[in-house]
Structures are given as C-alpha cells and as structure tokens.
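Predicted, not measured: the structure shown is a model, and the values here were computed from it. Atoms within a ligand are numbered from 1 in the order they appear, just like the ligands themselves.
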Amino acid sequence: MPADNTLTNPKIVVLTGAGISAESGLKTFRDNDGLWENHRVEEVATPEAFEQNPSLVYRFYNARRAQLQQDDVQPNAAHQALAKLEQALGDDLMVVTQNVDDLHERGGSKSVYHMHGKLLSARCAISHQSFVWRDSFDHTTKCPCCHRVTLRPDIVWFGEMPLYMDEIYTALAQADIFIAIGTSGNVYPAAGFVQIAKESGAYTIEANLAPGATNALFDQSLTGPASQIVPEWVN
Ligand SMILES: CC(C)NC(=O)[C@H](Cc1c[nH]c2ccccc12)NC(=O)[C@H](CCCC/N=C(/NCCC(=O)O)S[C@H]1O[C@H](COP(=O)(O)OP(=O)(O)OC[C@H]2O[C@@H](n3cnc4c(N)ncnc43)[C@H](O)[C@@H]2O)[C@@H](O)[C@H]1O)NC(=O)OCc1ccccc1
C-alpha cells in the first residue's frame, strides 16, 4: 500500500489494460503486432469498418468472444486481488478497465467501469440500450426493442467517446492514489488519466511488465507480471 500510510481509507482509482488479462490467456493488443487476420486492430475497431463491412467486424468480436469463453481462460491473482481490495475499501475504490472481457467480474469485482465496452453484450445503435450477448446475434439481428435497426457490438471504437467519462473524471479529481495496471499508455483518453490524477495531487503508480509510454509521469513503478505485483501491492 502507498508510501505515506497515513491515509486510513484512501480514495483509489485503478485503471487496467490488456496486460492484467495476459496471464489469463488473452492476447494483448501489442501481441501479433496489433494485427487480427492481417487487419490493424484500429481498422476493424471503428464505426467506419462496421458501416462498410459489419460481418467482418462481427467475425472479429466473435473470435474474441470464443477466446474469452475457452475453459482455460480464467481470472488470475491480479483480478482476485482487486476484488479483495474492493471488499476492504468499498466505494473508496473505483476500478476502470479498458478491457472488454469479463475477468474482473469473474474474479469477484462487483463494480467495474468498462470505459471501452463489453464483449458479452450488444447495443441498439439508436437507444444505446445494451442486451446480453446471444450467439444467435449477427449483423442482421434487429434490436429486440425498436425492431428498427440492427444491433451493434457494445464496444467503444476508435473515434467514439468512451463510457463513464464524467464519473471517471470526478473520481480522478478526488483520488489519493491512481494506479495503472497492464496498460501501455498509447490509447487516449485513458492514457491521459495519470496527468489528471497527478494535477489533483494523487500519488501515481504504474504496475506493468515493462515501463509504458507515459511511465515518466508516474511517482512509482512496480515492474513484473500483474498476477505477482498486484497482490503484493494490495497486501
Ligand atoms: C491508437 C491511439 C493513438 N488512438 C487513440 O488514442 C484514439 C484517438 C485519439 C484521441 N485522443 C488522442 C490524443 C492523442 C492521440 C490520439 C488520440 N482514441 C480514441 O479514438 C478514443 C477511443 C479509444 C477506444 C478504442 N477502443 C478500444 N478497445 C475497444 C475495442 C476492442 O477492444 O476491440 S482501445 C483498446 O486498445 C487499447 C490497448 O491498450 P492496452 O490495454 O494498454 O494494451 P496493450 O496491448 O497496448 O499493452 C499491454 C500492456 O500490458 C503490459 N503487460 C503485458 N503482459 C503483462 C503482464 N503479465 N503483467 C503486467 N503487464 C503486462 C505490456 O507491457 C503493455 O504495456 C485499450 O484501450 C483497449 O481497450 N476515443 C476518443 O478519443 O473519442 C473522442 C474523445 C476525446 C476526448 C475525451 C473523450 C473522447
């Protein structure tokens, strides 16, 4: 826990990225050089790609869902340690993830802000209402509510506004501690959270296998596999 252990119930904001799920068997974006079937991820994860070729985008996310639902893909000690921290801190802890997998929840976390959406739900392109994913869904599935438009993956694509930005900015402004776990700091606005936390006086920690693109902005670096360094930090 933080250097100055004067804080009894510190307000903590945790930001996680693909690195926290790497040891659970999920590829990070940097693996395979960010390519999927020779498509740059930034190419298939855009509203334009969905407009032009919805079945390609559905195939991309079906492949990610299939990977997530493999038996050997399970939450690891880092996910479980954050769930334990949530029990200790309650509302003083906010877990924000860039990940679209459900490993935080399967690791026991009750409150997780998926700022880039979720794999296991679909969304109506008009009402933005979310529906639990069904394998019968494809690029022709109509919204069960308005029956007017097709459902789209419940994912925040490049060029789209991430979710929960007001709640996140409010929490960053009140944070005593900000820790970024398993993220390379290349994608904004998430990569900018450390700067906002710092400006509001928070103590900032980067926990990663290797220093990320914004490492210099952090007060402290914890280096190693998340399943090791996160439980050590929590205990
Ligand atoms: C590529 C980048 C330059 N582009 C952007 O950032 C763009 C454009 C942009 C906006 N502002 C900018 C400013 C400057 C430059 C560019 C921009 N951003 C956007 O379009 C965003 C939307 C971005 C979201 C796109 N969707 C995703 N995901 C869902 C899809 C899907 O999943 O398919 S992004 C996706 O990529 C990112 C991948 O990054 P990481 O998770 O960090 O993963 P990565 O593989 O890179 O790194 C893994 C790390 O883990 C470490 N690691 C590996 N193993 C382990 C291990 N075992 N233990 C510990 N660590 C480990 C590695 O060392 C490494 O450091 C994640 O965010 C992930 O969610 N929208 C937006 O800006 O809207 C307007 C706006 C403006 C202001 C305020 C609000 C809104």
Side-chain angles (χ1 to χ4, degrees), residues 14-37 39-50 56-65 67-68 73 75-79 81-82 95-104 112-123 152-169 172 179-196 205-215 218 221-233:
V14 176
L15 173 69
T16 67
I20 198 171
S21 297
E23 295 160 83
S24 296
L26 293 186
K27 291 197 185 60
T28 71
F29 286 71
R30 301 305 110 185
D31 292 334
N32 328 330
D33 310 327
L35 284 179
W36 174 76
E37 290 188 357
H39 295 280
R40 292 210 55 70
V41 169
E42 287 89 353
E43 279 159 25
V44 284
T46 64
E48 295 75 23
F50 190 64
L56 171 76
V57 173
Y58 260 89
R59 249 199 8 262
F60 174 55
Y61 289 105
N62 287 346
R64 306 259 303 273
R65 262 182 293 276
Q67 191 196 26
L68 177 60
V73 171
N76 62 60
H79 297 108
L82 292 177
V95 175
V96 180
T97 188
Q98 300 167 80
N99 301 342
V100 293
D101 65 55
D102 64 342
L103 295 178
H104 277 298
V112 180
Y113 291 77
H114 287 264
M115 70 178 290
H116 292 164
K118 295 177 175 181
L119 266 179
L120 300 179
S121 58
R123 188 190 324 154
R152 55 160 282 172
D154 190 8
I155 301 277
V156 175
W157 287 321
F158 288 93
E160 294 186 318
M161 174 73 86
L163 305 170
Y164 314 113
M165 291 307 292
D166 296 343
E167 294 91 335
I168 295 169
Y169 284 145
L172 288 170
I179 181 167
I181 302 169
T183 182
S184 61
N186 291 308
V187 172
Y188 288 78
F193 292 171
V194 59
Q195 189 60 40
I196 298 165
I205 305 165
E206 183 182 55
N208 221 3
L209 210 48
T214 58
N215 177 264
F218 289 86
S221 295
L222 305 174
T223 304
S227 68
Q228 191 186 310
I229 58 178
V230 176
E232 281 165 7
W233 177 73

Exercise. Check the angle between the aromatic planes of F193 and Y169 and answer parallel, tilted or perpendicular using the 30° and 60° thresholds.
Key: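 It falls in the perpendicular class, over 60°.
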
Exercise. Take the angle between the ring planes of H104 and H79 and call it parallel below 30°, perpendicular above 60°, tilted in between.
Key: perpendicular

Under a 4.0 angstrom heavy-atom cut-off, which atoms of ligand 1 come close to [X]?
| X | value |
| --- | --- |
| R64 | 31 (C), 32 (O), 33 (O) |
| E23 | 56 (C), 57 (N), 58 (N) |
| Y61 | 30 (C), 31 (C), 33 (O) |
| F60 | 33 (O) |

Name the option, out of [options], that contains the heavy atom nearest to [atom].
| atom | options | result |
| --- | --- | --- |
| atom 48 (C) of ligand 1 | G17, G182, G224 | G182 |
| atom 59 (C) of ligand 1 | S227, A18, P153, A226 | A226 |
| atom 39 (O) of ligand 1 | A210, S184, G192 | S184 |
| atom 50 (O) of ligand 1 | G19, P225, S21 | G19 |

Quiz item: Do you know which two heavy atoms are closest between G185 and T214, and how far apart they sit?
Solution: O-CG2, 3.9 Å

Quiz item: Can you name the nearest heavy-atom pair linking I229 to T223, along with the distance?
Solution: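 Closest pair (atom of I229, atom of T223, distance): CG2-O, 3.7 Å.
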
Under 4.0 Å from ligand 1, counting heavy atoms only, is it the side chain of [X], its backbone, both or neither?
| X | result |
| --- | --- |
| A22 | side chain |
| P162 | side chain |
| I155 | side chain |
| M165 | neither |

Quiz prompt | Other residues, nucleotides, ligands: >12 heavy atoms within 6.0 Å of Y58 OH | solution = yes

Any heavy atom of [X] sitting closer than 4.0 Å to ligand 1?
| X | result |
| --- | --- |
| M161 | yes |
| A190 | no |
| A191 | no |
| M115 | no |

Quiz item: Under 3.5 Å, is there a donor-acceptor pair between the T16 and Q98 side chains?
Solution: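 There is no such pair between these side chains.
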
Quiz item: Do you see a donor-acceptor pair shorter than 3.5 Å between the side chains of N76 and S227?
Solution: no

Quiz item: Under a 4.5 Å cut-off applied to non-hydrogen side-chain atoms, are I20 and L103 in contact?
Solution: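 A side-chain contact is absent here, since even the closest heavy-atom pair is not under 4.5 Å.
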
Quiz prompt | Side chain proximity check, V96 to Y164, heavy atoms < 4.5 angstrom | solution = no

Self-check item: Short side-chain to backbone donor-acceptor contact, R65 and L119, under 3.5 Å
Solution: yes

